[in-house]
Amino acid sequence: MPCPLLHVDMDAFYASVMIRDRPELQHVPVVVGGGHRGVVLSANYPARAYGIRSGMSGTEARRLCPGAITVPPDFSVLTPVSKAIMETFRTVTPVVEVTSLDEAFLDVRGAVRLFGPPEAIAERIRAQIRAEHGIACSVGIAASVSVAKLASRQAKPDGVRVIPPERFVAEVHPLDVGVLYGVGEATRRRLAKLGLVTVGDVATFSRDQLRQMLGRHLGGHLHALVWGQDRTELVPGGAGVFGFGEGEPEGSMGAQHTLAVDVRDRAALRRELLRLTARVVARVRGASRRGRTVTVTVRFTDFTTVQRSRTLPEPTDVTQEVYAAAVPLLDGLLDERGPRPVAVRLVGVRVEGLRHLRPGDGRQLVLGERDPGWSDADRAVDRATDRFGHAAVRRASLL
DNA sequence: TCTGGGGTCCTAGGACCC
DNA sequence: TCTGGGGTCCTAGGACCC
């Protein structure tokens, strides 16, 4: 079968789900996200008519359409809808790679005998999603992941598009390289400086030439992309999607927060760091993992963003241990900017190098050192938040 | 009131070891 | 003593995705 891969992408997912439950908003501009210092997560088509796009700042969106209705995303609604949609996909094929709340790749090779050719499967899925969940989606069909992805974007809104291998050159080579999955702004600019603007421009160079121009990996990857020859096998479940796919992220978990106003006070920044650390490490424990590398991120008022990391001798799932590593990293970042307190816009913390906790894997105590009991305290906090919610349990230093 | 929050992967230099 | 290479770990930064 020439085109066994489907990329299914919900149309304006966050906005569509919200409007589904409030039909009176269907024909007025609706923006999800983009509150104070936030960016637009999703905009319905009436809002897009004003030029509003996801990713733009809320300020910009309000300037374009002051009358738009703005709502915050409600993940307690969005997540169950998303999971139900993924289950709908799995009634068609077990090979579903989930890449975010609102999109997935499907390998339908095993489904054609039952349901017909990929186009028919696509229409079947679209009808089912519309009937069961009341929202529209678009489907791209191709032989590889990046081409299917490109096709679904061209299919929007509410459509299906097939790009078979024999039509790839004619249909994709004239387009801007930026349409390729994996070519972002930075790579686009780099290519433009070399005089390469379209996919076809890049395709005039051999793999070796591209490697020489752009580096071994990027060059090789780009060469595959411009010939529509990237990955064809899916990873069922899909990794790295928060609380999603078959499970938790593999490599790292983190949390960051843009403060409501820029903050200079170091004690206040440390409190924010502790709040974020407690949240992240609770997730790490909840996933039965431990991490070894702690990374602190700070974004200053001028938007420069810096990170400092430290690798611990042993993996940990103890909030206090992660925090103890994180504080000097935060202090270091602030001190580097000079003796005067600098205004900070964002604070973040991430735990990397996650490993599964083996059952019965006790704490390693260094000889002569007493276990301070933080681990027991963490588990008590976890149990209490499970029962009473986050509002009920807070560290004394956060009160 | 310019510019979120959650991730993954790659690069590159230095340390350290063989 | 000098020269050299490869592998792994750690750190910092950056690109990319939704």
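Here is how names work: the chains are called A, B, and so on, in the same order as the sequence lines, proteins then strands, and each is numbered from 1.
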Sequence neighbours excluded - ring pair (Phe, Tyr, Trp, His ring centres under 6.0 Å) pairs with any residue from residues 298-344 of chain A: none
Sugar-phosphate only, base, or nothing, as touched by A:M56 at under 4.0 Å among non-hydrogen atoms: nothing
Stem list, DNA chain B (Watson-Crick or G-U pairing under 3.5 Å, at least 3 consecutive pairs): B:5-18 with C:5-18
Distance-only polar pair, side chains of A:D302 and A:T304, donor-acceptor under 3.5 Å: yes
Side-chain N or O of A:R53 closer than 4.0 Å to phosphate OP1/OP2 of B:dT3: no
For A:E132, all residues meeting salt bridge (charged side-chain N to carboxylate O under 4.0 Å, His left out), sequence neighbours excluded: none
Side-chain donor-acceptor pair present, A:S138, A:D9, cut-off under 3.5 Å: no
Which residues share a side-chain contact (heavy atoms from CB on, under 4.5 Å) with A:D265, sequence neighbours left out: A:V263, A:A267, A:A268, A:R271
Ring pair (Phe, Tyr, Trp, His ring centres under 6.0 Å) partners for A:F105, two or more places apart: A:H7
A:R345 side-chain N/O to B:dG4 phosphate OP1/OP2 under 4.0 Å: yes
Partner set under side-chain contact (heavy atoms from CB on, under 4.5 Å) for A:D382, not counting sequence neighbours: A:A282, A:R285
Anti or syn - B:dC2, cut at 90° from 0: syn
Under 4.0 Å protein heavy-atom contacts per nucleotide of nucleotides 13-18 of chain C, with B for base, S for backbone only and - for none: S-SSSS
Give me the distances for all protein-to-nucleotides 10-12 of chain B N/O pairs that come in under 3.5 Å?
{"unit_1": "B:dC10", "atom_1": "OP1", "unit_2": "A:H217", "atom_2": "NE2", "d": "3.4"}

For DNA chain B, the residues among residues 33-42 of chain A that have a non-hydrogen atom under 4.0 Å from it: A:R37, A:G38, A:V39, A:L41
Audit row: A:S252, A:E352, side chain to side chain donor-acceptor pair (under 3.5 Å) steps and yes/no: CA-CA 4 Å; A:S252 71; A:E352 296 166 30; 5.7 Å; no
Along DNA chain B (nearest heavy atom to each residue), the more 5'-positioned of A:G55 and A:S252: A:G55
Closest to the A:P249 side chain, choosing from B:dG4, B:dG7, B:dG5: B:dG7
Partner of A:E103 by salt bridge (Lys or Arg N to Asp or Glu O under 4.0 Å), out of A:K149, A:R153, A:K156: A:K149
Sugar-phosphate only, base, or nothing, as touched by A:E60 at under 4.0 Å among non-hydrogen atoms: nothing
Qualifying residue, where the test is salt bridge (Lys or Arg N to Asp or Glu O under 4.0 Å) with A:D335 and the options are A:R340, A:R266, A:R308: A:R266
Whole-angstrom distance between B:dT3 and C:dC17, as gauged at atom P: 23 Å
Connected-component partners of A:Y45 among ILVMFWY, side-chain separation under 4.5 Å: none
Ring pair (Phe, Tyr, Trp, His ring centres under 6.0 Å) partners for A:H173, two or more places apart: A:F168, A:W227
Phosphate-side-chain proximity, A:R63 and B:dT3, N/O vs OP1/OP2 below 4.0 Å: no
side-chain contact (heavy atoms from CB on, under 4.5 Å) against A:A120, all qualifying residues, sequence neighbours excluded: A:P117
